[in-house]
Amino acid sequence: MRWTQTLIPTLREAPAEAEIVSHQLLLRAGLVRKLAGGVYSFLPLGLRALRKVECIVREEMDRAGAIEVLLPALQPPEIWQQSGRYEAARQVLYKVYDSARREWVLSPTAEEVITLLVAAEIQSYRQLPRNFYQISVKFRDEIRPRFGLMRAREFIMKDAYSFDVSDEAAQQSYQRMYDAYARIFARCGLRTFAVEADTGVIGGSLSHEFMVPAETGENEVAYCEACGYAANLEKAVSAVAGGCSESPVVESPALERFPTPGVQTIADLAAEPYSVPPERQIKTLVYMVESRPWIVLLRGDDALNEAKLAARLGTTTFRPATAEEIEQWLRARPGSLGAVRSALRDTTVPVWADERLRGATDMTTGANEDGFHFRHVDVTRDLRVDQWGDLRLVRAGEPCIRCGESLRLRRAIEVGHVFKLGTKYSEKLGASFIDESGVRRPCVMGCYGIGVTRTLQAVIEQSHDADGIIWPVSVAPYEVCVTLLQSSPTGQVRETAERLYRELVEAGIEVILDDRDERPGVKFKDADLIGFPFRVTVGEKSLARGQIEIKRRAGGTPEAVSVDEAGARVAAYVREARRG
RNA sequence: CGGAGCGUAGCUCAGCUUGGUAGAGCACCAGCUUUGGGAGCUGGCUGUCGCAGGUUCAAAUCCUGUCGCUCCGACCA
């Protein structure tokens, strides 16, 4: 490709709309342009890089035995009602209406479509296992699109769905995808790590996310360097979660109500004159769960993990109660709330408590009357608790659940997610088969997503410097840029560059010839900004010595080689780099 | 949806407080010079000041509404 014949609108400055470096570089390098918030056009260079990622995904999915299909983006809402997800997914579903005012939804994912297809077309265990995948545009009405391609309304996703005859077989399918994912991201030049993940609205029993460590990531991950335990913070547990070891195992003195005028927060009660340390307080939260109040108890210094609460509740439609609602149900305002039996007027409100409070003694909590608290609270003796569970957010430095070493926290970008789904969808949508003994059984499913456009941006986020992108050869829009340093349309420099360009093209190298009438500085800056893995400079100065310069974007000193061997040398370097 | 901020040339931004002929740099076009790290000089082009309404002799500037964008929180590949 010749630079003058394509469209590469590089930008000297970053547009104000781009906050994180990968988003800025996507725009500055002329890879994408925004049409609207979370909606992007791919320009020639961006599309080439995107196709490279897609190609890697396709090769590895095929290698893992998955088969490619293409499912409709336009879906009837009825199938979402059939799976029972219409309500849960409604916030992310784009709805469109045809001329007959009939409603359609734009596909954010395809569990329903593929499961119905399998229900119709697969009847026998002989046709299993199968794993179907597609690479297609997905639509999600994101609450807040941001960071360019990272969280877009419209994005490209690879989604795969496996169907197996048994749980054991499904486990193998899951593992095959897990392994394929590790290969895919490695081939994209990404350093990723897998973490245990929450299953969210999709549901299922086992799940891992593939994470790219990055400060700008939207996920927080807890991990242990000693044993390799790693989990999304939504899911993470630590060794402190199981008890309240700090509490002395003594019998609490009798419950005592005492005045606490003006106390609103844990910190207020921890201050003079009360001086109750947060770990000796009980935090009482009130949530409205599908318009019903729900009390959640935690130790004063712990924070609620809403994902864990959602998992236990089996719904995501809950929110913190307003001060008015709290007053209505508990007759006190936030600041003096508690679940001491004698102070709970309404016994129909469920009380859930974090495991860490189990057996705790001599605690302090609100009395459900403004300006009063109880001290010497014995959780077992005095509190009403309907259900115990792990509800707290893990903090850095807590002991690892597996090995006891100190847990660390870091931010990361989620680029892939694998789920073991079980039979949730196959039962609802009728994907079943007849087994060897003639019994009809539901398929055991798994589903597996890769954010293809997000992966592309994650590569940039992870691989750049002050000058621009540093593409791994595997996803670079072009492997080599031949930089021609002469403006005149004829002459030895030009002829040499043209000859080298043709030689590389014929050698099967993906090469772009910078034939623009621009100053050298401009060409160098653009080549660095876009990040071609190899830059080959043909200019008067080195050519006078019969040489051409080869420079790697990733670093190292430029190498001068003779004109005659330049082509073969560059091609050899590229082939070596392709092998990784 | 809640909180914060911003909408002025293709891009980055000034001008708004205190109303009075819409600006700079980069980019773009022409010419001359320059040619190994975002050149110099000369000349030129570029705007419904996000949109609508209001106040005023007069609005980019003040007021109201609205739309869009960005950031923080809840959702996710």
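As the structure is a computational prediction, the values presented were derived from the model and not from experiment. Protein chains get the first letters and strands the later ones, always in sequence-line order, with residue 1 at the start of each.
The same atom, C1', is picked in B:U64 and in B:A9; the two are 29 Å apart, to the nearest Å. A distance of about 32 Å separates the P atoms of B:C75 and B:U12, rounded to the whole Å. For the C1' atom pair drawn from B:G36 and B:C72, the interatomic distance equals 46 Å after rounding to whole Å. Atom C1' of B:G20 sits at a distance of 10 Å from the matching atom of B:A59, rounded to the whole Å. B:U21 sits 16 Å from B:C57 when the C1' atoms are compared, rounded to a whole Å.
The salt bridge (charged side-chain N to carboxylate O under 4.0 Å, His left out) test applied to A:R51 returns A:E54, not counting sequence neighbours. Contacts of A:E218 classified as side chain to side chain contact (heavy atoms under 4.5 Å, CB included), with partners at least two apart in sequence or in another chain: A:R146, A:F147, A:R151. Applying the side chain to side chain contact (heavy atoms under 4.5 Å, CB included) rule to A:D301 yields the partners A:P278, A:E279, A:R299, A:R356, A:R395; only residues at least two apart in sequence or on another chain are considered. With sequence neighbours excluded, no residue forms a ring pair (Phe, Tyr, Trp, His ring centres under 6.0 Å) with A:F139. The side chain to side chain contact (heavy atoms under 4.5 Å, CB included) test applied to A:A396 returns A:L409, not counting sequence neighbours.
Annotation: proximity of residues 553-565 of chain A to RNA chain B (heavy atom, distance under 4.0 Å) is found for no residue. Near RNA chain B, defined here as any heavy-atom distance below 4.0 Å, the residues from residues 136-145 of chain A are A:R140, A:E142, A:I143, A:R144, listed numerically.
Sorted by first and then second residue, the salt bridge (charged side-chain N to carboxylate O under 4.0 Å, His left out) pairs involving residues 447-462 of chain A (not counting sequence neighbours) form an empty list. Each salt bridge (charged side-chain N to carboxylate O under 4.0 Å, His left out) pair with one or both residues in residues 482-499 of chain A, not counting sequence neighbours, appears once here: A:R2-A:E498, A:R494-A:E498.
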(message) At under 4.0 Å between heavy atoms, how does the protein contact nucleotides 4-10 of chain B? Give one character per nucleotide, 5' to 3', with B, S or -.
(response) -------
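The closest side-chain donor-acceptor pair between A:E154 and A:Y40, if any, does not fall under 3.5 angstrom.
Under a 4.0 Å N-O distance rule, the pair A:K551/A:E559 does not qualify as a salt bridge.
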Between the protein and nucleotides 27-33 of chain B, list every N/O to N/O distance that falls short of 3.5 Å.
none

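In this structure, B:U48 makes no Watson-Crick or G-U wobble pair, since no nucleotide meets both defining distances under 3.5 angstrom.
We find that CD1 of A:I8 is positioned 18 Å from C1' of B:C11, with the value rounded to whole Å.
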Pair up each side-chain donor or acceptor in residues 532-542 of chain A with any protein partner under 3.5 Å, not counting sequence neighbours, and list the distances.
unit_1, atom_1, unit_2, atom_2, d
A:R535, NE, A:T537, OG1, 3.4
A:S542, OG, A:Q547, O, 3.3

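Taking only side-chain nitrogens and oxygens, A:R146 comes nearer than 4.0 Å to OP1 or OP2 of B:C72.
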